[in-house]
Undergrad: 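Can you keep this structure in mind? I'll have questions shortly.
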Amino acid sequence: IRIDITTNGTGATSIRCTVPVTAASGNFNMLLAKEVGITNDACVGRLDVGESTIAWTFYEGSYPGADAAQLLGGGSYSI
């Protein structure tokens with residue numbers, strides 16, 4: 001997954017992206033990423049069961065978005 005932010009908006013708590021197939025089992029699924037545009041910090045993505053939207057935050061829970069930020073990540077989840 002690659003997420004490029006040209007101009008960051010306001011009021012966000014996470015960066016969200018969708019996956020093509022809804023998560024079907026487990027309590028929730030965690031995916032990993034790295035913000036490579038500015039901080040080079042680790043990020044985690046949470047995909048809840050029954051959902052198709054991943055919510056990305058920095059590893060400690062803060063918002064990873066900023067002008068020129070780029071998240072590169074991946075992982076797998078149960079369908």
Side-chain angles (χ1 to χ4, degrees):
I1 297 172
R2 177 179 168 168
I3 301 170
D4 295 310
I5 300 175
T6 304
T7 303
N8 189 48
T10 60
T13 58
S14 63
I15 294 174
R16 298 183 177 268
C17 67
T18 58
V19 293
V21 180
T22 300
S25 65
N27 292 325
F28 58 87
N29 301 276
M30 299 302 292
L31 296 93
L32 300 174
K34 183 175 183 178
E35 192 290 309
V36 297
I38 301 169
T39 66
N40 287 317
D41 285 340
C43 298
V44 294
R46 180 175 172 146
L47 176 61
D48 291 325
V49 172
E51 298 293 329
S52 60
T53 301
I54 302 170
W56 295 97
T57 62
F58 277 129
Y59 64 94
E60 87 290 62
S62 67
Y63 176 65
D67 289 354
Q70 181 183 69
L71 271 67
L72 298 177
S76 61
Y77 64 96
S78 298
I79 56 172

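For the numbers below, each heavy atom of this structure counts, side chains included, while hydrogens, waters and symmetry mates do not.
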Undergrad: Return yes if some donor-acceptor pair links the side-chain N/O of Y77 with the main-chain N/O of V49 below 3.5 Å, else return no.
TA: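 No, Y77 side chain to V49 backbone: no donor-acceptor pair under 3.5 Å.
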
Undergrad: Does the side-chain contact (heavy atoms from CB on, under 4.5 Å) test come out yes or no for W56 and S14, once each step is laid out?
TA: CA-CA 5 Å; W56 295 97; S14 63; 5.7 Å; no

Undergrad: Please check if the side chain of E35 supplies one atom and the backbone of Q70 the other of a donor-acceptor pair under 3.5 Å.
TA: yes

Undergrad: Do you know the tightest heavy-atom contact between A23 and N29?
TA: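 Nearest heavy atoms, A23 then N29: CB-ND2, 3.6 Å.
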
Undergrad: Just do the side-chain contact (heavy atoms from CB on, under 4.5 Å) check on K34 and L72 with the steps written out, would you?
TA: CA-CA 5 Å; K34 183 175 183 178; L72 298 177; 5.6 Å; no

Undergrad: Any idea which heavy atoms bring I15 and P64 closest together, and the distance?
TA: CD1-CG, 3.7 Å

Undergrad: List the steps and the verdict of side-chain contact (heavy atoms from CB on, under 4.5 Å) for T6 and D67.
TA: CA-CA 6 Å; T6 304; D67 289 354; over 6 Å; no

Undergrad: According to a 4.5 Å side-chain heavy-atom criterion applied to Ile, Leu, Val, Met, Phe, Trp and Tyr, with indirect links allowed, do L32 and M30 form part of one hydrophobic cluster?
TA: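 Yes: a chain of side-chain contacts under 4.5 Å links L32 to M30.
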
Undergrad: Would you say the side chains of E51 and T53 form a donor-acceptor pair under 3.5 Å?
TA: no

Undergrad: Which pair of non-hydrogen atoms, one from I1 and one from C17, has the smallest distance, and what is that distance?
TA: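 So the minimum-distance heavy-atom pair works out to CG2-SG, 4.1 Å.
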
Undergrad: So I79 and T22, do their side chains get closer than 4.5 Å, heavy atoms only?
TA: no

Undergrad: Are V36 and L31 connected in a single hydrophobic cluster, I mean Ile/Leu/Val/Met/Phe/Trp/Tyr linked by side-chain heavy atoms less than 4.5 Å apart?
TA: no

Undergrad: Going from CG on D41 to CG on L71, what distance comes out if it is rounded to the nearest 0.5 angstrom?
TA: 10.5 Å

Undergrad: Same cluster or not: I3 versus Y63, using hydrophobic residues (I, L, V, M, F, W, Y) connected whenever any side-chain heavy atoms lie under 4.5 Å apart?
TA: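 The answer is yes; both residues are in one hydrophobic cluster.
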
Undergrad: So which heavy atom on G45 is nearest to which on I54, and how close?
TA: CA-CG2, 3.7 Å

